[in-house]
Amino acid sequence: MADSASEAERYDPQAIERKWQLVWDAENTWVVANPGSPEFDDSVPKSYVLEMLPYPSGEPHVGHLKTYSVGDAIAHFRRRRGYSVVHPMGYDAFGLPAENNAIQTGEHPRDATEKSIASFREQFKRWGISIDWSRELGTHEPSYYRWTQWIFLKLYERGLARRHEAPVHWCPKDQTVLANEQVIDGHCERCGTLVVLRQLEQWFFRITEYAQQLLDDFELLDSWPENVITMQRNWIGRSEGAEVIFTCEEPALDFPVFTTRPDTLFGATFFVLAPEHPEVERLAAGTEHEEAVRDYVNASARASAEERADEEHQKTGVPLGREVVNPVNSERIPMFVADYVLMEYGTGAIMAVPAHDERDYEFAKAYDLPIRRVIEGTDRPDETGGSSASPAEPPRTNDDEGLPYSGDGRMVNSGRFDGKDNREAHEEIVEWLASEDRGKSAVNFRLRDWLVSRQRYWGAPIPILYCDECGTVPVPEDQLPVLLPDIEEYAPKGKSPLAAAEDWVRTECPSCGGEASRETDTMDTFVDSSWYFLRYLDSRNDEECWARDVADYWMPVDQYIGGVEHAILHLMYARFFTKALHDIGLLEAREPFANLFTQGMITRDGATMSKSRGNTVSPAEYVERFGADSLRTYICFMGPPIKGGDWSDEGVEGIFRFLARLWRLGREVADRTESGGSTDGAAEEARELLAKAHWAIDKATRDIEPRFQFNTAIAAVMELVNDIYRLKDGLLSQTGGSSASPEESPGTTTGAAAVRFATSTAASLLFPFAPHLCSEVYEWLAGERVWEQPWPEADPDLLERDTYMLVVQVNGKLRDRVEVASDTAEEELLDLAKSSENVQRHLDGKAIAKEIVVPGRLVNLVVKG
RNA sequence: GCCGGGGUGGCCAAACUGGUCUAGGCAGCGGACUUAAAAUCCGUGGCCCCUUCGGGCAUGUGGGUUCGAAUCCCACCCCCGGCACCA
């Protein structure tokens, strides 16, 4: 008997969480209506809160738990602040892990993926995330990828998708090409294998068309982390300079080069082509260098990107035996092939100015080439950039002391530009070259077009046909989706496994009716995730990708939440898609995500969690032991979510204890007090508790948004709960408050009402983090559903303190504290400070040199000697 | 090498515009309750000196500005992240 009674008295997260999840599920609590539907209410402002969609593989991990705990807190907070919040969920379901699993086990990627999706969905519901499930989608569903294909065709129509041959990164393990963005330090982003360059014909999205807009439109964003913007800016890599044409006379060829330093043109002493440069073979043909050049080109083709980029890698190259003419001084300079010049950047050819470029200098030293200084640092020490020549000495001309020098200065050895400031000369030289038609000012970007074709099975088929008569033919819209056929063998063999599905590949040309074959490559999964946030808004629409007015109503995403690892890839692709879709006329928005929050990673024992390390945390196990509320609150409490944090089991238990403490408090207060009491006229302790509650409201509100500092918001609620525990027995044993009327029962005194208010406020403020428990406690005390109640507002009168502790310092050192009324005048504060015994001791009769009074804070008395 | 972010008790951290350094949690210690333990509740909690009152020293290191610095400035050390032959 006793056992079962105490059992019922214990905080039981499993029962409470199940109870409220059933309510939310049955009532579709988090479903919101679109404009145009009868339930739509246009009097309420909208907010689109979105976390990056998960890639469903196995079970959700702690990173997912953090993302959705943070996002859900924001979603709940905004709902209760009066917004209509759309908060959807879906799955980035195409991709390599499911396919690699299929190669090993023979299990169809669709089956493995859907199993995983079921597990994710179950966990998300078990965590109590407030999702509008009516919008759920998976990018592998034909009803989704139909529109991925449709958008591909729109980009194709607009010339933003095209197929051409290019040197591309190839992963020998995954047997597929990769986008530039998916190559990390020369290795495959997915499997870590060294990638090699291959000359292949592939589909590209022309993101470079948007390079400038992608930079300019950072202006349109509300709040993005500075480091993410910087990373994208560096990736796009805009450089201003000039394109200058160097001419080869034999064979007759023009070689444009891009340079950011046209002011150093007179210092060009040789000229270098990348080994992949298309004219290399022709230049060397028939010369004594032909064989050496061919060997060098072949050797660098075999070398991995990593070997070539290695810092220790010595500069190597071979002469071509040809010369080009420098347009500024008609000088003939020798041509080389060297792998320090990259085909991917600029024109694949450079003018080499060894005196003012570190790399050219290194090459010139290695091959004993002339070095000619054309800029001298001025005498100002901060601009000499490493020149060791002392100002008194005459300018050095014949040695390379202080070279290479990349700073600014005075031009020398530069014909009529001698003596000029190099920055001025920069402009003048470009103008002069332009007038001679030998160059022009130019902007160059590091950003490359986005390679989207993949020689893999588990992705959206590219909706293109090839016909001998008609060439490249887009699949007509009414034939979409191009369904992904089932196949027997998933293993890639250098071309897409889809090529083996011959019945599928062979088809009829929609244009001429003749025989045509399908494109067998599939799309990069980053294509799928570049527009999912739009499909959520109208995910059941099978007439169009989304209704324009619906998308325009919800877009942009007001708060996007995810890991910083997507700073470049996903976020830049999604930005590009949004701009292209805007230009195609499908969307008003130019930027997808107005505010971005990137959360830090959770580690365990100081290391990133991984299965191979064996230090993973299974959220499901912890939910089982402590409940979802404890887990979610712990994740938000372990530190500011923007930073990472190290997982601690004791920390979770600590939060569990705190939630249990709130639960017990709620039970006790519900039992010992009655609703309907008034706190009007509450005195002393009751007023102290009310003030604490309003302080917590104020603190938590400001900490949640815009600070995203959930840890201190939760700490404020802990302080409030601690104070309630400290004060409750005194307040609940009162028989009447100061304004007690004779008919008042003990449960309705102002003291009781204050305790009840403070406790329900604690539940209300903690609700975004621990929604189940707080729904329960709030219902006990307020008889209402907490999520239907507006977020509490702090009463400014109760935030004002009547008195405060005045700090008294002597020479800046704390000597005493005096409680004073808040409205005490400055002179009186001084008098009080001076009358303190301990202050007198430290003044020691000496004259006060200075008196600092900061009302509301402190008095500082300064004495000399 | 370049560009960011950071370094505060035994640990995670707080201190928002320069104004009581260390809120809240974890671990610890003490007490109450209990036959006992667990759970719970209360208290304690930077280091050093002192019996108390009190005092000295403390925010990576060294300087500086200021009545007053974790916070601003200069130099240096260390950690984390990003980029890295970008012409």
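Every chain is numbered from 1, with letters handed out A, B, ... down the list of sequences. Keep in mind the model is a prediction, meaning the values are calculated, not measured.
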Side chain of [X] only, heavy atoms from C-beta on: which candidate in [options] is closest?
X: Lys699(A); options: A14(B), C16(B), G24(B); answer: C16(B)
X: Ile350(A); options: A87(B), C42(B), A23(B); answer: A87(B)
X: Arg657(A); options: A23(B), G25(B), U40(B); answer: U40(B)
X: Asn860(A); options: G68(B), C16(B), A87(B); answer: G68(B)
X: His842(A); options: G24(B), A13(B), G55(B); answer: G55(B)

Exercise for review: Give the stems involving RNA chain B, where a stem is 3 or more consecutive Watson-Crick or G-U wobble pairs (i with j, i+1 with j-1, and so on) under 3.5 Å.
Suggested key: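 Paired runs of 3+ in RNA chain B: B:1-7 with B:77-83, B:10-12 with B:24-26, B:28-32 with B:40-44, B:46-49 with B:54-57, B:60-64 with B:72-76.
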For [N], does OP1 or OP2 lie under 4.0 Å from any side-chain N or O of [X]?
X: Lys813(A); N: C57(B); result: yes
X: Arg857(A); N: G68(B); result: no
X: Asn711(A); N: A14(B); result: yes

Check your understanding: Tell me, which of residues 235-243 of chain A have any heavy atom that sits under 4.0 Å from an atom in RNA chain B?
Key ->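 The stretch gives Ser239(A) as the residues lying under 4.0 Å from the strand, ordered by number.
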Point to revise | Thr230(A) vs Leu814(A), nearer the 5' end of RNA chain B by closest nucleotide | key: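 That would be Thr230(A).
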Check your understanding: Is Pro404(A) close to His356(A) at the side-chain level, that is, under 4.5 Å between some pair of heavy atoms?
Key ->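 When only atoms from C-beta onward are counted, Pro404(A) and His356(A) do not touch, as no gap falls below 4.5 Å.
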Review point. CG/Asp408(A) to NE2/His426(A) distance, rounded to the nearest 0.5 angstrom?
Key: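 One gets 11.0 Å once the value is rounded to the nearest 0.5 Å.
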Practice item. Check ring pair (Phe, Tyr, Trp, His ring centres under 6.0 Å) between Phe656(A) and all other residues, then give those that pass, not counting sequence neighbours. Key: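 Testing Phe656(A) for ring pair (Phe, Tyr, Trp, His ring centres under 6.0 Å), a comparison that skips the adjacent residues, returns Tyr11(A), Phe626(A).
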